[in-house]
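In what follows, a structure is listed as structure tokens, so that the remarks can point back to it.
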Amino acid sequence: MSFFKGAFSGQSNSEVLKEQMDAGVKAINAHKSGRRDRAAEQREANASAEMRSRYTEESRNVEASNLISRWGRGR
């Protein structure tokens, strides 16, 4: 599974989503108090990009599997 590379390698999808949520809440709370937490914003953006990457790759794997399955039945 090549999509587990990078800053979130070894973490499950739920762990990455939790990081995204926690960072988002931290960034929102900072904004509400008139500050800006750029580190939290960046962590949220990174986790979001990681999840998009994982779901895109997983979707491609499912599509490829479906094509292979259809090809096998057509023989």
Side-chain angles (χ1 to χ4, degrees):
M1 295 185 176
S2 63
F3 50 86
F4 289 154
K5 293 179 180 172
F8 298 99
S9 66
Q11 290 183 327
S12 68
N13 287 351
S14 60
E15 290 170 325
V16 177
L17 288 171
K18 182 174 180 352
E19 170 70 22
Q20 182 182 5
M21 274 186 32
D22 292 347
V25 167
K26 191 173 180 183
I28 289 169
N29 287 338
H31 180 73
K32 284 180 181 177
S33 65
R35 297 179 294 109
R36 186 166 182 192
D37 188 339
R38 292 194 174 148
E41 292 172 2
Q42 188 60 52
R43 282 196 316 277
E44 180 186 21
N46 290 346
S48 178
E50 176 69 15
M51 290 309 300
R52 274 193 308 277
S53 172
R54 288 183 183 196
Y55 284 124
T56 298
E57 183 151 344
E58 288 174 6
S59 174
R60 285 183 189 137
N61 289 342
V62 168
E63 289 173 13
S65 177
N66 288 341
L67 286 172
I68 291 168
S69 176
R70 276 188 243 143
W71 179 77
R73 283 184 274 164
R75 293 182 103 198

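Note: hydrogens, waters and symmetry copies are ignored here, and every other heavy atom, side chains too, is used. One is the number of the first residue; the rest follow in order along the sequence. It should be emphasised that the depicted structure is a prediction, and the values quoted were computed from it without experimental measurement.
Under the 4.5 Å side-chain contact rule for hydrophobic residues, M21 and I28 do not share a cluster.
For the residue pair E50 and N46, no side-chain donor N or O sits within less than 3.5 Å of a side-chain acceptor on the partner. R60 and T56 form no side-chain donor-acceptor contact under 3.5 Å, judged by distance and modelled atom types alone.
Here the straight-line distance linking atom CZ of R70 with atom CD1 of I68 works out to 11.0 Å at 0.5 Å rounding.
Among all heavy-atom pairs drawn from A40 and A27, the shortest one is CB-N, 4.0 Å. The minimum heavy-atom distance between A23 and E44, with the atom names listed, is CB-N, 3.7 Å. The two atoms that bring S12 and R54 nearest to each other are C-NH1, 3.4 Å, heavy atoms only.
Side-chain contact between F8 and E19 is present, with heavy atoms from C-beta onward closer than 4.5 Å. Looking only at side-chain heavy atoms (C-beta outward), Q20 and V25 stay at 4.5 Å or farther from each other.
Using a cutoff of 4.0 Å between basic side-chain nitrogens and carboxylate oxygens, K18 and D22 are scored as salt-bridged.
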Residue pair R36, H31: steps toward the side chain to side chain contact (heavy atoms under 4.5 Å, CB included) verdict: CA-CA 5 Å; R36 186 166 182 192; H31 180 73; over 6 Å; no
